[in-house]
Participant: 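Pasting a structure here, questions to come.
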There are 2 protein chains.
Amino acid sequence: MLIGDLAEKSGLSVDTLRYYEKIGLIPKAPRDGGGRRVYDAAMLRWIDFLDRLKATGMGIKDRLRYADLRGKGAASLGLRRQMLERHRGKVAEDIARLTEVLSVLDDKIDLYRKMEAGGPVDPSFENCARTGHGAQ
Amino acid sequence: MLIGDLAEKSGLSVDTLRYYEKIGLIPKAPRDGGGRRVYDAAMLRWIDFLDRLKATGMGIKDRLRYADLRGKGAASLGLRRQMLERHRGKVAEDIARLTEVLSVLDDKIDLYRKMEAGGPVDPSFENCARTGHGAQ
DNA sequence: CTAGGTGCTGGAGTGCACTCCAGGTCAAGA
DNA sequence: TCTTGACCTGGAGTGCACTCCAGCACCTAG
């Protein structure tokens, strides 16, 4: 698999893949006769996992640290687990925060609907007091 | 309330508040005799709401658009509601994605625990097949 | 055998969202 | 009155995460 195929399958751009290799997020790919990078399916799985870490808000530095540990093999299992556990905690917090904001948004959307309908403002105002935000 | 108090209460830095005013995210504050910005509690509520939008992944451009609509008053209620509805959809998607990754992380943490204990690799491997990721 | 598509490198450029700084003004307490 | 701390402005700098580009090599189909 050449870099173009991997780009298509992973959803990353060719430039991004080379950038990831440059900074060490993915291992240096072996080359074919013409100097072109050759990838296998394992790399695709690794990139997919990196993508999940990224999609859940893990920055590039932490992903790099994780990639580095992974390169060290079984000896780093404990540290990798610790990183994942910490990250798990953050993801859980994010879910909680998003869920809370979801209900604030629902309240506000509701309030706007009522205001658009020229409806009564009093219940909206209570709603405003409850969420801590008015019609903004 | 001067800018330092607002910074403390909102959790933003003084620089960020001035930056927000510069780009139009918050209205230009009236000044006191010495040319210093004076804020009231309503501004704090607005900033808190902006912060929720930001914390749920709304970029500065969209926050600016929302702020701009807000400045237009009641006439923009419908458009603001539409923005919030779209954003609500994104937040719901984010929650779904995070929740999915949470279980991937749980599986992986579990797998690592077993590997650290020198336990059997077969169940871990099935787990790996299920989540689409091995020990990485 | 040549044209087009893909790949390579090193380095510059981009967009976001701040963050910091120099050099100044102003106000309130000792 | 003097000092200290908070505030002001315009503009430069930062960190992240890519993204793009020039100029070149290579390989394959026609």
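Sequence lines set the chain letters: A, B, ... in the order given, protein chains first and strands last, and positions in each chain run from 1.
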Participant: Could you tell me whether the phosphate oxygens of C:dC18, OP1 or OP2, come under 4.0 Å of any side-chain nitrogen or oxygen in B:Lys54?
Facilitator: yes
Participant: Write down the distance between CG (A:Asp32) and C1' (D:dC27), rounded to a whole number of angstrom.
Facilitator: 10 Å
Participant: Give the minimum heavy-atom separation between A:Ala29 and A:Glu21, together with the two atoms involved.
Facilitator: N-OE1, 3.3 Å
Participant: Just checking, A:Lys9 and A:Tyr39: is the charged tip under 6.0 Å from the six-membered ring centre and within 45° of the axis?
Facilitator: no
Participant: Check the distance between D:dA17's C1' and A:Leu53's CG and give it to me in whole angstrom.
Facilitator: 16 Å
Participant: Distance check needed: C:dC18 P versus B:Ile26 CD1, whole Å only.
Facilitator: 12 Å
Participant: With a sphere of 6.0 Å drawn around CD of B:Glu8, does it hold more than 12 non-hydrogen atoms of other residues, nucleotides or ligands?
Facilitator: no
Participant: Can you tell if the side chain of A:Ile26 reaches within under 4.5 Å of the side chain of A:Leu50, non-hydrogen atoms only?
Facilitator: yes
Participant: Whole angstrom is fine here: how far is it from CE in A:Met1 over to C1' in C:dT6?
Facilitator: 16 Å
Participant: Over all strands shown, is A:Ile3 touching base, sugar-phosphate only, or nothing at heavy-atom distances under 4.0 angstrom?
Facilitator: sugar-phosphate
Participant: Are B:Tyr20 and C:dA17 close enough that a side-chain N or O sits under 4.0 Å from OP1 or OP2?
Facilitator: no
Participant: Just to confirm, is there a sub-4.0 Å distance from OP1 or OP2 of D:dC26 to any side-chain nitrogen or oxygen of A:Arg31?
Facilitator: no
Participant: Can you work out whether B:Met58 or B:Arg36 has the more 5'-proximal nearest nucleotide on DNA chain C?
Facilitator: B:Met58
Participant: Between B:Lys72 and B:Asp68, is there a side-chain N and carboxylate O pair less than 4.0 Å apart?
Facilitator: yes
Participant: Centre of A:Tyr66's six-membered ring, under 6.0 Å away, within 45 degrees of the axis: is that where NZ or CZ of A:Lys61 sits?
Facilitator: no
Participant: In terms of side-chain heavy atoms of A:Lys22, which of C:dG11, D:dC18, C:dT9 is nearest?
Facilitator: C:dG11
Participant: Can you check the B:Leu25 CG to C:dA17 C1' distance for me, whole Å?
Facilitator: 11 Å
Participant: Within residues 4-19 of chain B, which residues have any heavy atom lying less than 4.0 Å from an atom of DNA chain C?
Facilitator: B:Asp15, B:Thr16, B:Tyr19
Participant: Do B:Pro27 and B:Met43 have side chains that approach each other closer than 4.5 Å (heavy atoms only, starting at C-beta)?
Facilitator: yes
Participant: Respond yes when some side-chain nitrogen or oxygen of B:Arg63 is under 4.0 Å from OP1 or OP2 of C:dC16, and no when none is.
Facilitator: no
Participant: Please pick, from D:dC8, D:dC18, C:dT9, the nucleotide with the shortest atom-to-atom distance to any side-chain atom of B:Arg37.
Facilitator: D:dC8
Participant: NA contact type, B:Ile23, heavy-atom cut-off 4.0 Å: base, sugar-phosphate, or nothing?
Facilitator: nothing
Participant: Where the side chain of B:Lys61 is defined as all heavy atoms beyond and including C-beta, which of C:dC16, D:dC8, C:dG7 is the nearest nucleotide?
Facilitator: C:dC16
